[in-house]
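Bear in mind the structure is a predicted one, so any value in this text is a computation, not a measurement. So that the names make sense, note that chain A is the first sequence line, chain B the second, and so on, each numbered from 1. Computation of the quantities below employed the complete heavy-atom set of this structure, encompassing side-chain atoms and omitting hydrogens, waters and symmetry-equivalent molecules.
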2 protein chains.
Amino acid sequence: MKQITLKQIAEHLNISITTVSKALKDYPDVSPKTKALVKELAKTLNYKPNTFAVNLRTKESKTIGLIIPVIVHHFFSSVIKGIVSQAEKKGYLVIILQSNESYELEKKQIDLLMSQRVDGILISLANGTADFSHLKEVLSQDKPLVMFDKIAKIVKCSKVIIDDRKAAYLATQHLIDTGCKRIAHFRGALLPQNSIDRFLGYKKALLDNNFPYDPSLVYICECGDMSFEEGKKNAQQLLKDHNDVDGIFINTDLVAIGAMTEFNKQGVKIPEDISIVGFSNWFMSSVISPTLTTIDQPGYEMGKAAFKQLFKEIKQRKKSKPVVFKEIVLDTKLVKRESTKEMVV
Amino acid sequence: MKQITLKQIAEHLNISITTVSKALKDYPDVSPKTKALVKELAKTLNYKPNTFAVNLRTKESKTIGLIIPVIVHHFFSSVIKGIVSQAEKKGYLVIILQSNESYELEKKQIDLLMSQRVDGILISLANGTADFSHLKEVLSQDKPLVMFDKIAKIVKCSKVIIDDRKAAYLATQHLIDTGCKRIAHFRGALLPQNSIDRFLGYKKALLDNNFPYDPSLVYICECGDMSFEEGKKNAQQLLKDHNDVDGIFINTDLVAIGAMTEFNKQGVKIPEDISIVGFSNWFMSSVISPTLTTIDQPGYEMGKAAFKQLFKEIKQRKKSKPVVFKEIVLDTKLVKRESTKEMVV
DNA sequence: TAGGAAATCGAAAACGTTTTCGGTAAAATC
DNA sequence: GATTTTACCGAAAACGTTTTCGATTTCCTA
């Protein structure tokens, strides 16, 4: 029941290991006859090359690493699916790690993947990550790295993102177009680029429409993984602080759903009293009531694009060509549902 | 910028590779002085053992494979999280593959993992899997394999499951206890053991309460990944066929939510006209309206338990001890919410 | 001080593959 | 018939580690 090796095939056939190896890989300098013989025996013996040995020889593992902040998450699990399916097509396997929004863990995991000698790394940053030396070290070792969704602008590498600012602008403009006069924003954590850009989009839309920008209408929350609860809490606070708000642009669907739950409980009517726009288009958003107007964020496509770019860089590096970094920006669109009023024509 | 090897450290220090290796692994037969020297140099040079070489020597990769039917799925992504976090604690990495509910793919992926020589495999079967020879081959090669959630009873290996039959019984009993007189069942696909057991639990509860069992009230659907749509379709059909049904036990929350969406649209009141119990306790179920009564299925714990068992078997096999297969049954409980009426006391 | 015990080290084989390079035999060329 | 070309094969090194086993030195004890 031991695993078959080249040596055993060679001995069976009374030829050298070299020839067996070459036969299996269709080298031109082995006769069709022996090729056929070797291949047949390999098949009947169910020969599987020893990956460990191959890796050692070729210095590549056909494996990539993936680090994401959370796994149980509609958007991120879509990304995983995109990456895994694309990788499989190209003969790559993917190792998954979850940073839990912690910088410390993220750092350790990068280290782990580096000693595992994966061929490349895909990462979406933790909220807590403000220092990027661990990423820079990956790059300095010439290991392909591409960031997606939650990225660091300063780090010089390929990135796959959406135009968060534009999408947020769109969302806010939609609130304005449907008659909202005083618009709040739940922005979540402070650090992530996403969060910043969405906030900036919100602000710009206000100013472009001659709405005053009021910082007290922007709600921040550094509560880690508690998105749903965060929405509830922010909603409560908002009702206390500002009873004149009639529209909210919320960073993430899950937070939005938390807020809606609270509003429903308190008898605040959506969208009559308050309109809400979320972000990401979780499946859930289409089945709650009222259904949530939101920005569609293409997770699957993002995963696919991220892997494709990584794959390209792995190949470039292998041929020791200079790698060209790319910033890929995917399209988003507003999905109009029931949580916002109809357009005023 | 090349990777540091034992050889380089040895040359730096004018000692042998052997000693360097042993020093780093705290062998007793190297003096404290040289140990310190080696360790210090290793640290300053940032030495990382070459995993490929280690794997080749030790014949293990500290990596396990995980095959699941779908990734974008509340239950399964919880399982992934449980597995990954537990594995990381024990120094194991996990490779994820998605079978897409296809037997063919599942088979190929098992093959892939075997040639990758992972140390063990965790799997939840595809709906389409009726033949188990690919799994038996894994076991015959003495490679640890544990199945979870969607299992095959015939295959002799460790399993982590819930008592589906009991849980379904509980769910159906709850419908009866809250006054339902005619109870339907949406059972989804035919093949999976889950589906069978939940159906049996449903049936037994009926009979134990002297309710007639009516096969026409059991709705089957072989529509692959379309759970939500399946719920809608079944609901439509049910309204046409049986307008006297006042309770449904539904296989999966997502299907239940599809059904509820349809009932809401058609003005059927939940739970006044029809009570509904789902299965799995997706997060979503707690935020839709009405909130869904369901069976809590502990995904995270299941993942954790599955990895722990696999880890145990990997260790046993390493010591060439006989592996003892275990069937671990996790607790479930009914989560009472708004989609069912209050108990009749 | 001889003897063995304890402490410390290193040579070398092994893991299984890939690839370079040279060698031989057969076929083609003149 | 001598020479070149072509076709086919294999020896051997290399990838970087782990581990066995023997060798050497130092230390202790009688």
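To the nearest 0.5 Å, the span separating CG on B/N100 from CG on B/L105 amounts to 6.5 Å.
Taking atom CG of residue A/D26 and atom C1' of nucleotide C/dT19, one finds them 16 Å apart after rounding to whole Å. Atoms CG (A/L13) and C1' (D/dC8) sit 15 Å apart, rounded to a whole Å. Spacing between atom CG of A/L24 and atom C1' of D/dC9 amounts to 15 Å, rounded to whole angstrom units. Rounded to an integer number of Å, the gap from A/K33 NZ to C/dA25 C1' is 14 Å.
Contact check on A/E101 versus A/K150 returns a salt bridge, with a Lys/Arg side-chain nitrogen under 4.0 Å from an Asp/Glu carboxylate oxygen. For B/D149 and B/K159, the salt-bridge test fails: no basic side-chain N is under 4.0 Å from an acidic carboxylate O. Between A/D119 and A/K315 no salt bridge is recorded (no basic side-chain N to carboxylate O distance below 4.0 Å). Salt-bridge check for B/K318 with B/E60: passed, with a basic side-chain N closer than 4.0 Å to an acidic carboxylate O.
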#### Entry: Nucleic acid footprint by protein, nucleotides 11-18 of chain D - heavy-atom cut-off 4.0 Å, B for base, S for sugar-phosphate alone
BBBBBBBB
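Minimum atom distance to the side chain of B/T19 is reached by C/dC9, of the listed D/dC8, D/dC9, C/dC9.
Classified by interplanar angle (parallel below 30°, tilted 30° to 60°, perpendicular above 60°), the ring pair A/F76/A/H73 is tilted.
The base of C/dC9 sits with one of its N or O atoms less than 3.5 Å from a complementary donor or acceptor on the side chain of B/D29.
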